[in-house]
Amino acid sequence: MATDAKRRVRLVYFAWVREKVGLPSEDVELPEDVTTVETLIGWLKQRGPGYSDAFARPQVVRAALDKVHVKPATPLGAVREIAFFPPVTGG
Amino acid sequence: MATDAKRRVRLVYFAWVREKVGLPSEDVELPEDVTTVETLIGWLKQRGPGYSDAFARPQVVRAALDKVHVKPATPLGAVREIAFFPPVTGG
Amino acid sequence: MPVRVQVDDFDVTAETERLVGGRKDIGAIVTFTGRVRGEDDGRQVAALTLEHYPGMTETEMASIEAEAMARWPLQAALMVHRVGEMKAGDNIVLVITASAHRSAAFEAAEFLMDYLKTRAPFWKKETTPDGGSAWVEARAGDEDAADRWR
Amino acid sequence: MPVRVQVDDFDVTAETERLVGGRKDIGAIVTFTGRVRGEDDGRQVAALTLEHYPGMTETEMASIEAEAMARWPLQAALMVHRVGEMKAGDNIVLVITASAHRSAAFEAAEFLMDYLKTRAPFWKKETTPDGGSAWVEARAGDEDAADRWR
(Lines give C-alpha, C1' and ligand atoms only; values in the text may rest on other atoms or scores of the structure.)
Protein backbone atom coordinates (compact mmCIF):
# COMPACT_ATOMS: atom_id res chain seq x y z
CA MET A 1 0.00 0.00 0.00
CA ALA A 2 1.29 3.48 -0.92
CA THR A 3 0.22 5.37 2.19
CA ASP A 4 -1.66 4.73 5.43
CA ALA A 5 -4.19 7.44 4.59
CA LYS A 6 -5.59 5.52 1.57
CA ARG A 7 -5.91 1.91 2.70
CA ARG A 8 -7.14 -0.31 -0.11
CA VAL A 9 -8.73 -3.56 1.11
CA ARG A 10 -10.76 -6.36 -0.38
CA LEU A 11 -14.18 -7.00 1.18
CA VAL A 12 -15.74 -10.45 0.69
CA TYR A 13 -19.29 -11.49 1.59
CA PHE A 14 -20.86 -14.91 2.06
CA ALA A 15 -24.32 -16.50 2.29
CA TRP A 16 -27.11 -14.02 3.08
CA VAL A 17 -24.65 -11.19 3.71
CA ARG A 18 -23.52 -11.61 0.07
CA GLU A 19 -27.12 -11.78 -1.15
CA LYS A 20 -28.17 -8.63 0.74
CA VAL A 21 -25.08 -6.60 -0.22
CA GLY A 22 -25.57 -7.86 -3.77
CA LEU A 23 -21.86 -8.54 -4.41
CA PRO A 24 -19.52 -11.45 -3.63
CA SER A 25 -16.57 -9.09 -3.17
CA GLU A 26 -15.33 -5.57 -3.83
CA ASP A 27 -12.18 -3.50 -3.41
CA VAL A 28 -12.60 -0.33 -1.35
CA GLU A 29 -10.48 2.48 0.08
CA LEU A 30 -11.09 2.88 3.79
CA PRO A 31 -11.39 6.35 5.35
CA GLU A 32 -8.87 7.11 8.09
CA ASP A 33 -11.41 6.86 10.92
CA VAL A 34 -12.30 3.25 10.03
CA THR A 35 -9.90 1.41 12.33
CA THR A 36 -11.79 -1.65 13.64
CA VAL A 37 -14.27 -4.24 12.36
CA GLU A 38 -17.03 -2.34 14.21
CA THR A 39 -16.24 1.05 12.66
CA LEU A 40 -15.96 -0.62 9.25
CA ILE A 41 -19.48 -2.04 9.67
CA GLY A 42 -20.72 1.42 10.67
CA TRP A 43 -19.16 2.91 7.52
CA LEU A 44 -20.54 0.15 5.26
CA LYS A 45 -24.09 0.67 6.58
CA GLN A 46 -24.03 4.20 5.12
CA ARG A 47 -23.26 2.93 1.61
CA GLY A 48 -26.77 1.90 0.57
CA PRO A 49 -29.91 -0.07 1.43
CA GLY A 50 -28.29 -3.48 0.64
CA TYR A 51 -25.53 -2.79 3.16
CA SER A 52 -27.82 -1.37 5.83
CA ASP A 53 -30.02 -4.47 5.43
CA ALA A 54 -27.05 -6.88 5.60
CA PHE A 55 -25.66 -5.22 8.74
CA ALA A 56 -29.03 -4.35 10.35
CA ARG A 57 -28.21 -6.72 13.24
CA PRO A 58 -24.42 -6.41 13.35
CA GLN A 59 -24.19 -8.85 16.28
CA VAL A 60 -25.24 -11.74 14.00
CA VAL A 61 -22.66 -10.93 11.31
CA ARG A 62 -19.28 -12.61 11.80
CA ALA A 63 -16.00 -11.22 10.47
CA ALA A 64 -12.61 -12.60 9.47
CA LEU A 65 -9.43 -10.62 8.85
CA ASP A 66 -7.17 -12.26 6.28
CA LYS A 67 -9.13 -15.52 6.82
CA VAL A 68 -8.96 -15.59 10.63
CA HIS A 69 -12.10 -15.24 12.81
CA VAL A 70 -12.08 -11.95 14.77
CA LYS A 71 -14.25 -10.04 17.24
CA PRO A 72 -15.93 -6.70 16.34
CA ALA A 73 -13.46 -4.63 18.38
CA THR A 74 -10.43 -6.05 16.54
CA PRO A 75 -8.24 -3.34 14.92
CA LEU A 76 -7.94 -3.72 11.14
CA GLY A 77 -4.17 -3.14 11.16
CA ALA A 78 -2.50 -3.92 7.83
CA VAL A 79 -5.24 -6.36 6.76
CA ARG A 80 -5.75 -7.04 3.04
CA GLU A 81 -8.99 -9.07 3.02
CA ILE A 82 -11.99 -8.58 5.31
CA ALA A 83 -14.83 -11.15 5.18
CA PHE A 84 -18.37 -10.79 6.52
CA PHE A 85 -20.72 -13.76 6.89
CA PRO A 86 -23.51 -15.28 9.02
CA PRO A 87 -22.76 -17.81 11.78
CA VAL A 88 -21.41 -20.93 10.06
CA THR A 89 -23.75 -23.87 9.37
CA GLY A 90 -21.58 -26.59 7.82
CA GLY A 91 -21.13 -30.17 8.93
CA MET B 1 -36.31 -85.14 31.31
CA ALA B 2 -37.63 -88.30 32.86
CA THR B 3 -36.97 -87.62 36.53
CA ASP B 4 -35.44 -84.89 38.70
CA ALA B 5 -33.06 -87.37 40.31
CA LYS B 6 -31.11 -88.07 37.10
CA ARG B 7 -30.67 -84.67 35.47
CA ARG B 8 -28.89 -84.95 32.15
CA VAL B 9 -27.28 -81.66 31.01
CA ARG B 10 -24.86 -80.56 28.34
CA LEU B 11 -21.69 -78.81 29.53
CA VAL B 12 -19.86 -76.57 27.05
CA TYR B 13 -16.45 -74.99 27.51
CA PHE B 14 -14.75 -72.10 25.72
CA ALA B 15 -11.27 -70.60 25.31
CA TRP B 16 -8.77 -71.66 28.01
CA VAL B 17 -11.48 -73.43 30.04
CA ARG B 18 -12.01 -75.68 27.00
CA GLU B 19 -8.26 -76.20 26.56
CA LYS B 20 -7.70 -77.10 30.23
CA VAL B 21 -10.74 -79.40 30.45
CA GLY B 22 -9.66 -80.93 27.16
CA LEU B 23 -13.17 -81.08 25.67
CA PRO B 24 -15.41 -78.61 23.83
CA SER B 25 -18.54 -80.16 25.36
CA GLU B 26 -19.88 -83.23 27.14
CA ASP B 27 -23.20 -84.64 28.38
CA VAL B 28 -23.29 -85.47 32.10
CA GLU B 29 -25.77 -86.64 34.71
CA LEU B 30 -25.78 -84.33 37.69
CA PRO B 31 -25.94 -85.72 41.24
CA GLU B 32 -28.87 -84.55 43.31
CA ASP B 33 -26.77 -82.28 45.55
CA VAL B 34 -25.54 -80.24 42.56
CA THR B 35 -28.12 -77.45 42.57
CA THR B 36 -26.25 -74.24 41.69
CA VAL B 37 -23.45 -73.10 39.38
CA GLU B 38 -21.13 -73.04 42.42
CA THR B 39 -21.88 -76.59 43.53
CA LEU B 40 -21.56 -77.78 39.92
CA ILE B 41 -18.05 -76.25 39.77
CA GLY B 42 -17.18 -78.01 43.06
CA TRP B 43 -18.37 -81.32 41.60
CA LEU B 44 -16.48 -80.79 38.31
CA LYS B 45 -13.21 -80.05 40.13
CA GLN B 46 -13.25 -83.62 41.52
CA ARG B 47 -13.41 -85.14 38.04
CA GLY B 48 -9.72 -84.93 37.15
CA PRO B 49 -6.63 -82.70 36.86
CA GLY B 50 -7.89 -80.89 33.72
CA TYR B 51 -11.05 -79.84 35.56
CA SER B 52 -9.27 -78.86 38.77
CA ASP B 53 -6.84 -76.77 36.70
CA ALA B 54 -9.65 -75.10 34.69
CA PHE B 55 -11.60 -74.23 37.86
CA ALA B 56 -8.57 -73.52 40.11
CA ARG B 57 -9.67 -69.89 40.42
CA PRO B 58 -13.45 -70.26 40.13
CA GLN B 59 -13.97 -66.48 40.49
CA VAL B 60 -12.41 -65.88 37.04
CA VAL B 61 -14.60 -68.48 35.30
CA ARG B 62 -17.89 -67.13 33.98
CA ALA B 63 -21.03 -69.22 33.48
CA ALA B 64 -24.13 -69.11 31.30
CA LEU B 65 -27.32 -71.16 31.75
CA ASP B 66 -29.05 -71.88 28.46
CA LYS B 67 -26.98 -69.06 26.89
CA VAL B 68 -27.72 -66.40 29.53
CA HIS B 69 -24.99 -64.95 31.79
CA VAL B 70 -25.51 -65.98 35.45
CA LYS B 71 -23.83 -65.53 38.85
CA PRO B 72 -22.25 -68.49 40.76
CA ALA B 73 -25.13 -68.71 43.25
CA THR B 74 -27.74 -69.12 40.52
CA PRO B 75 -29.86 -72.33 40.89
CA LEU B 76 -29.56 -74.68 37.92
CA GLY B 77 -33.30 -75.32 37.77
CA ALA B 78 -34.42 -77.13 34.60
CA VAL B 79 -31.40 -75.97 32.59
CA ARG B 80 -30.29 -77.97 29.56
CA GLU B 81 -26.97 -76.34 28.62
CA ILE B 82 -24.38 -74.95 31.03
CA ALA B 83 -21.40 -73.03 29.61
CA PHE B 84 -18.13 -72.14 31.34
CA PHE B 85 -15.68 -69.61 29.90
CA PRO B 86 -13.16 -66.87 30.80
CA PRO B 87 -14.14 -63.18 30.90
CA VAL B 88 -15.02 -62.19 27.34
CA THR B 89 -12.43 -60.40 25.17
CA GLY B 90 -14.17 -59.67 21.88
CA GLY B 91 -14.60 -56.35 20.11
CA MET C 1 -32.09 -54.62 13.81
CA PRO C 2 -29.29 -56.74 12.39
CA VAL C 3 -26.40 -58.45 14.13
CA ARG C 4 -24.05 -60.89 12.42
CA VAL C 5 -21.17 -63.21 13.30
CA GLN C 6 -19.08 -64.15 10.27
CA VAL C 7 -15.68 -65.39 9.12
CA ASP C 8 -15.51 -63.04 6.13
CA ASP C 9 -14.30 -59.46 6.17
CA PHE C 10 -16.80 -56.60 5.87
CA ASP C 11 -16.91 -53.39 3.82
CA VAL C 12 -17.99 -50.29 5.77
CA THR C 13 -19.48 -48.42 2.80
CA ALA C 14 -21.40 -51.48 1.57
CA GLU C 15 -22.76 -52.27 5.05
CA THR C 16 -23.81 -48.64 5.53
CA GLU C 17 -25.64 -48.53 2.20
CA ARG C 18 -27.38 -51.85 2.91
CA LEU C 19 -28.46 -50.48 6.31
CA VAL C 20 -29.59 -46.94 5.43
CA GLY C 21 -29.09 -46.37 1.69
CA GLY C 22 -31.95 -44.39 0.14
CA ARG C 23 -33.32 -43.23 3.49
CA LYS C 24 -33.83 -39.48 3.83
CA ASP C 25 -34.43 -39.29 7.59
CA ILE C 26 -30.82 -39.82 8.64
CA GLY C 27 -28.47 -36.91 9.32
CA ALA C 28 -25.69 -38.72 11.18
CA ILE C 29 -23.97 -42.07 10.67
CA VAL C 30 -21.22 -43.21 13.03
CA THR C 31 -19.14 -46.30 12.33
CA PHE C 32 -16.65 -48.01 14.61
CA THR C 33 -14.18 -50.50 13.15
CA GLY C 34 -11.95 -52.55 15.46
CA ARG C 35 -8.75 -53.93 13.95
CA VAL C 36 -6.02 -56.37 15.03
CA ARG C 37 -3.05 -54.38 16.29
CA GLY C 38 0.45 -55.73 15.67
CA GLU C 39 1.39 -54.95 19.26
CA ASP C 40 -0.64 -55.39 22.46
CA ASP C 41 0.73 -54.22 25.83
CA GLY C 42 4.29 -54.60 24.52
CA ARG C 43 3.78 -58.07 22.98
CA GLN C 44 4.18 -58.54 19.22
CA VAL C 45 1.02 -59.96 17.66
CA ALA C 46 1.15 -61.70 14.28
CA ALA C 47 -2.40 -63.06 14.30
CA LEU C 48 -5.53 -63.50 16.39
CA THR C 49 -7.97 -66.39 16.62
CA LEU C 50 -11.47 -65.35 17.58
CA GLU C 51 -13.64 -68.01 19.22
CA HIS C 52 -17.28 -67.49 20.17
CA TYR C 53 -20.31 -69.23 21.65
CA PRO C 54 -22.64 -69.83 18.70
CA GLY C 55 -26.23 -69.05 19.54
CA MET C 56 -25.45 -67.10 22.69
CA THR C 57 -23.33 -64.58 20.76
CA GLU C 58 -26.15 -63.58 18.42
CA THR C 59 -28.71 -63.44 21.25
CA GLU C 60 -26.43 -61.31 23.40
CA MET C 61 -25.58 -58.94 20.52
CA ALA C 62 -29.26 -58.57 19.62
CA SER C 63 -30.08 -57.78 23.25
CA ILE C 64 -27.30 -55.13 23.44
CA GLU C 65 -28.58 -53.59 20.22
CA ALA C 66 -32.19 -53.59 21.46
CA GLU C 67 -31.02 -51.75 24.58
CA ALA C 68 -29.30 -49.09 22.45
CA MET C 69 -32.42 -48.69 20.27
CA ALA C 70 -34.49 -48.16 23.44
CA ARG C 71 -32.08 -45.62 24.95
CA TRP C 72 -31.34 -43.42 21.89
CA PRO C 73 -33.48 -42.21 18.98
CA LEU C 74 -31.74 -44.39 16.39
CA GLN C 75 -33.06 -44.96 12.89
CA ALA C 76 -30.85 -48.04 12.47
CA ALA C 77 -27.97 -49.95 14.02
CA LEU C 78 -25.75 -52.82 12.90
CA MET C 79 -23.16 -54.98 14.66
CA VAL C 80 -20.90 -57.38 12.74
CA HIS C 81 -18.22 -59.44 14.51
CA ARG C 82 -15.71 -61.68 12.75
CA VAL C 83 -14.55 -65.05 14.08
CA GLY C 84 -11.70 -67.35 13.07
CA GLU C 85 -8.17 -66.35 12.07
CA MET C 86 -7.18 -62.72 11.54
CA LYS C 87 -3.78 -61.15 11.07
CA ALA C 88 -2.43 -57.79 12.23
CA GLY C 89 -4.19 -54.94 10.39
CA ASP C 90 -7.35 -56.99 9.67
CA ASN C 91 -10.85 -55.89 10.65
CA ILE C 92 -12.45 -57.60 13.68
CA VAL C 93 -15.65 -55.77 14.51
CA LEU C 94 -17.99 -53.20 12.95
CA VAL C 95 -20.66 -51.11 14.65
CA ILE C 96 -22.86 -48.67 12.70
CA THR C 97 -25.40 -46.30 14.22
CA ALA C 98 -27.67 -43.91 12.31
CA SER C 99 -29.78 -41.11 13.74
CA ALA C 100 -31.25 -37.73 12.84
CA HIS C 101 -28.55 -35.96 14.88
CA ARG C 102 -24.94 -36.73 15.70
CA SER C 103 -24.98 -36.90 19.51
CA ALA C 104 -27.31 -39.95 19.58
CA ALA C 105 -25.29 -41.72 16.88
CA PHE C 106 -21.97 -41.13 18.69
CA GLU C 107 -23.25 -42.11 22.14
CA ALA C 108 -25.04 -45.24 20.95
CA ALA C 109 -21.96 -46.42 19.01
CA GLU C 110 -19.79 -46.04 22.13
CA PHE C 111 -22.40 -47.82 24.23
CA LEU C 112 -22.62 -50.72 21.75
CA MET C 113 -18.84 -51.18 21.76
CA ASP C 114 -18.59 -50.95 25.57
CA TYR C 115 -21.33 -53.55 26.05
CA LEU C 116 -20.07 -55.78 23.24
CA LYS C 117 -16.62 -55.84 24.87
CA THR C 118 -17.96 -56.91 28.26
CA ARG C 119 -21.01 -59.07 27.43
CA ALA C 120 -20.78 -60.77 24.05
CA PRO C 121 -19.12 -64.23 24.34
CA PHE C 122 -16.04 -63.81 22.14
CA TRP C 123 -12.48 -64.77 23.12
CA LYS C 124 -9.24 -63.74 21.48
CA LYS C 125 -6.10 -65.86 21.33
CA GLU C 126 -2.97 -64.03 20.20
CA THR C 127 -0.22 -65.66 18.16
CA THR C 128 3.21 -64.03 18.42
CA PRO C 129 5.67 -63.91 15.47
CA ASP C 130 7.72 -66.76 17.07
CA GLY C 131 4.66 -69.06 16.97
CA GLY C 132 3.72 -68.81 20.67
CA SER C 133 0.12 -68.19 21.60
CA ALA C 134 -1.82 -66.90 24.60
CA TRP C 135 -5.42 -66.04 25.45
CA VAL C 136 -5.99 -62.29 25.77
CA GLU C 137 -6.92 -61.21 29.30
CA ALA C 138 -9.96 -59.03 29.89
CA ARG C 139 -9.18 -55.37 30.65
CA ALA C 140 -10.53 -53.77 33.82
CA GLY C 141 -10.88 -50.57 31.75
CA ASP C 142 -13.52 -52.24 29.58
CA GLU C 143 -15.67 -52.99 32.65
CA ASP C 144 -15.29 -49.37 33.77
CA ALA C 145 -16.30 -48.13 30.30
CA ALA C 146 -19.43 -50.31 30.35
CA ASP C 147 -20.31 -49.25 33.91
CA ARG C 148 -20.64 -45.57 32.97
CA TRP C 149 -23.87 -46.35 31.04
CA ARG C 150 -25.68 -47.71 34.13
CA MET D 1 -3.02 -34.67 8.28
CA PRO D 2 -5.43 -34.30 5.39
CA VAL D 3 -8.43 -32.03 4.99
CA ARG D 4 -10.36 -31.60 1.76
CA VAL D 5 -13.18 -29.51 0.35
CA GLN D 6 -14.73 -31.05 -2.75
CA VAL D 7 -17.82 -31.15 -4.93
CA ASP D 8 -17.70 -34.93 -5.45
CA ASP D 9 -19.12 -37.55 -3.12
CA PHE D 10 -16.78 -39.68 -0.98
CA ASP D 11 -16.56 -43.40 -0.19
CA VAL D 12 -15.97 -44.22 3.49
CA THR D 13 -14.16 -47.52 2.89
CA ALA D 14 -11.90 -46.05 0.19
CA GLU D 15 -11.04 -43.01 2.32
CA THR D 16 -10.29 -45.23 5.33
CA GLU D 17 -7.98 -47.50 3.32
CA ARG D 18 -6.17 -44.50 1.80
CA LEU D 19 -5.70 -43.07 5.31
CA VAL D 20 -4.66 -46.17 7.30
CA GLY D 21 -4.63 -49.18 4.96
CA GLY D 22 -1.70 -51.51 5.69
CA ARG D 23 -0.92 -49.96 9.08
CA LYS D 24 -0.71 -52.40 11.99
CA ASP D 25 -0.68 -49.89 14.86
CA ILE D 26 -4.38 -49.00 14.69
CA GLY D 27 -6.98 -50.76 16.82
CA ALA D 28 -9.89 -48.35 16.47
CA ILE D 29 -11.31 -46.39 13.54
CA VAL D 30 -14.31 -44.09 14.00
CA THR D 31 -16.06 -42.48 11.06
CA PHE D 32 -18.75 -39.83 11.10
CA THR D 33 -20.82 -39.19 7.98
CA GLY D 34 -23.24 -36.26 7.87
CA ARG D 35 -26.09 -36.48 5.36
CA VAL D 36 -28.81 -34.17 4.03
CA ARG D 37 -32.07 -34.90 5.86
CA GLY D 38 -35.33 -34.58 3.95
CA GLU D 39 -36.84 -32.71 6.88
CA ASP D 40 -35.30 -30.07 9.15
CA ASP D 41 -37.21 -28.67 12.14
CA GLY D 42 -40.49 -29.56 10.42
CA ARG D 43 -39.57 -28.04 7.02
CA GLN D 44 -39.39 -30.32 3.97
CA VAL D 45 -35.93 -30.19 2.35
CA ALA D 46 -35.45 -31.27 -1.27
CA ALA D 47 -31.86 -30.08 -1.65
CA LEU D 48 -29.07 -28.11 -0.01
CA THR D 49 -26.52 -25.72 -1.49
CA LEU D 50 -23.28 -25.59 0.46
CA GLU D 51 -21.21 -22.41 0.09
CA HIS D 52 -17.78 -21.90 1.66
CA TYR D 53 -14.91 -19.42 1.95
CA PRO D 54 -12.14 -20.90 -0.18
CA GLY D 55 -8.78 -20.67 1.48
CA MET D 56 -10.12 -19.94 4.94
CA THR D 57 -12.07 -23.22 5.01
CA GLU D 58 -9.00 -25.40 4.46
CA THR D 59 -6.91 -23.37 6.94
CA GLU D 60 -9.61 -23.56 9.58
CA MET D 61 -10.17 -27.32 9.05
CA ALA D 62 -6.42 -27.98 9.23
CA SER D 63 -6.20 -26.00 12.47
CA ILE D 64 -9.14 -27.93 14.00
CA GLU D 65 -7.49 -31.20 12.99
CA ALA D 66 -4.10 -30.13 14.42
CA GLU D 67 -5.85 -29.37 17.71
CA ALA D 68 -7.40 -32.87 17.79
CA MET D 69 -4.02 -34.47 17.01
CA ALA D 70 -2.48 -32.53 19.91
CA ARG D 71 -5.24 -33.48 22.37
CA TRP D 72 -5.63 -37.20 21.62
CA PRO D 73 -3.16 -39.97 20.73
CA LEU D 74 -4.36 -40.30 17.13
CA GLN D 75 -2.49 -42.22 14.46
CA ALA D 76 -4.42 -40.44 11.70
CA ALA D 77 -7.38 -38.15 11.04
CA LEU D 78 -9.23 -36.99 7.95
CA MET D 79 -11.92 -34.38 7.30
CA VAL D 80 -13.72 -34.11 3.94
CA HIS D 81 -16.50 -31.56 3.37
CA ARG D 82 -18.56 -31.32 0.20
CA VAL D 83 -19.72 -28.05 -1.36
CA GLY D 84 -22.24 -27.27 -4.09
CA GLU D 85 -25.63 -28.89 -4.64
CA MET D 86 -26.75 -31.94 -2.65
CA LYS D 87 -30.13 -33.60 -2.41
CA ALA D 88 -31.84 -35.30 0.54
CA GLY D 89 -29.99 -38.51 1.45
CA ASP D 90 -26.64 -37.34 0.01
CA ASN D 91 -23.40 -37.24 2.00
CA ILE D 92 -22.19 -33.81 3.19
CA VAL D 93 -19.26 -34.37 5.52
CA LEU D 94 -16.88 -37.15 6.55
CA VAL D 95 -14.62 -37.33 9.59
CA ILE D 96 -12.31 -40.29 10.23
CA THR D 97 -10.16 -40.80 13.33
CA ALA D 98 -7.80 -43.70 13.97
CA SER D 99 -6.10 -44.61 17.24
CA ALA D 100 -4.72 -47.57 19.16
CA HIS D 101 -7.80 -47.60 21.42
CA ARG D 102 -11.43 -46.68 20.93
CA SER D 103 -11.96 -43.93 23.51
CA ALA D 104 -9.48 -41.56 21.81
CA ALA D 105 -10.96 -42.27 18.37
CA PHE D 106 -14.54 -41.64 19.56
CA GLU D 107 -13.74 -38.47 21.51
CA ALA D 108 -11.60 -36.96 18.76
CA ALA D 109 -14.28 -37.61 16.12
CA GLU D 110 -16.92 -35.87 18.26
CA PHE D 111 -14.55 -32.97 18.90
CA LEU D 112 -13.77 -32.59 15.17
CA MET D 113 -17.48 -32.47 14.31
CA ASP D 114 -18.31 -30.03 17.11
CA TYR D 115 -15.52 -27.66 16.06
CA LEU D 116 -16.22 -28.08 12.35
CA LYS D 117 -19.87 -27.10 12.95
CA THR D 118 -18.97 -23.90 14.81
CA ARG D 119 -15.71 -22.72 13.19
CA ALA D 120 -15.33 -23.86 9.59
CA PRO D 121 -16.79 -21.27 7.16
CA PHE D 122 -19.52 -23.26 5.42
CA TRP D 123 -23.13 -22.14 4.93
CA LYS D 124 -26.15 -24.20 3.98
CA LYS D 125 -29.09 -22.97 1.92
CA GLU D 126 -32.12 -25.26 1.93
CA THR D 127 -34.43 -25.67 -1.04
CA THR D 128 -37.95 -26.88 -0.26
CA PRO D 129 -39.95 -29.14 -2.63
CA ASP D 130 -42.03 -26.11 -3.78
CA GLY D 131 -38.86 -24.35 -4.95
CA GLY D 132 -38.52 -21.90 -2.04
CA SER D 133 -35.15 -21.48 -0.40
CA ALA D 134 -33.74 -20.23 2.90
CA TRP D 135 -30.38 -20.05 4.65
CA VAL D 136 -30.10 -22.48 7.53
CA GLU D 137 -29.77 -20.78 10.92
CA ALA D 138 -27.00 -21.76 13.30
CA ARG D 139 -28.11 -23.93 16.25
CA ALA D 140 -27.35 -22.82 19.81
CA GLY D 141 -26.86 -26.52 20.60
CA ASP D 142 -23.84 -26.62 18.30
CA GLU D 143 -22.13 -23.84 20.27
CA ASP D 144 -22.89 -25.71 23.51
CA ALA D 145 -21.44 -28.92 22.07
CA ALA D 146 -18.23 -27.12 21.07
CA ASP D 147 -17.96 -25.37 24.44
CA ARG D 148 -17.73 -28.64 26.35
CA TRP D 149 -14.19 -29.21 24.96
CA ARG D 150 -12.77 -25.98 26.46
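Residue numbers begin at 1 in each chain, while the letters A, B, ... track the order of the sequences. Keep in mind that the numbers below use all heavy atoms, side chains included, and drop hydrogens, waters and symmetry copies.
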Subject >> Spacing of D:Asp114 atom CG and C:Ser103 atom OG [to the nearest 0.5 Å] >> reply: 9.0 Å
**OP:** Kindly compute the distance separating CD (C:Glu17) from CG (D:Asp11), expressed to the nearest 0.5 Å.
**Re:** 9.0 Å
Original post:
Hey, which of C:Val30, C:Val12, C:Val93, C:Asn91 has the most heavy atom pairs under 4.5 Å with chain D?
Top reply: C:Val30
**OP:** Would you mind telling me which of D:Gly27, D:Gly38, D:Gly89, D:Ala105 has the largest number of heavy-atom pairs within less than 4.5 Å of chain C?
**Re:** D:Gly27
Original post:
To the nearest 0.5 Å, what is the distance between OG1 (D:Thr33) and CD1 (C:Ile96)?
Top reply: 9.0 Å
**OP:** Let me know if C:Val20 has heavy atoms under 4.5 Å from chain D in its side chain, its backbone, both or neither.
**Re:** both
**OP:** Taking all non-hydrogen atoms of both residues into account, name the closest pair between D:Ala28 and C:Phe32 and its distance.
**Re:** CB-CE1, 3.5 Å
Original post:
Mind checking whether C:His101 and D:Arg139 have side chains closer than 4.5 Å, heavy atoms only?
Top reply: yes
**OP:** Under 4.5 Å heavy-atom distance to chain D, tell me which part of C:Thr97 shows up: side chain, backbone, both or neither.
**Re:** neither
**OP:** Tell me, for C:Ala109 versus chain D, whether the close heavy atoms (under 4.5 Å) come from the side chain, the backbone, both or neither.
**Re:** both
**OP:** Step through the shown structure and confirm whether more than 12 heavy atoms of other residues, nucleotides or ligands are within 6.0 Å of CD on D:Glu137.
**Re:** no
Original post:
With a 4.5 angstrom heavy-atom cut-off, which part of C:Ala100 approaches chain D: side chain, backbone, both or neither?
Top reply: both
Original post:
Got a second to check how far C:Asp25's CG is from D:Arg35's CZ, nearest 0.5 Å?
Top reply: 11.0 Å
Original post:
Does the side chain of D:Glu107 come within less than 4.5 Å of C:Glu110's, by heavy atoms?
Top reply: no
Subject >> Charged N-O contact under 4.0 Å between C:Arg102 and D:Asp142 >> reply: yes
Original post:
chain D heavy atoms under 4.5 Å from C:Lys117: which part of the residue, side chain, backbone, both or neither?
Top reply: side chain
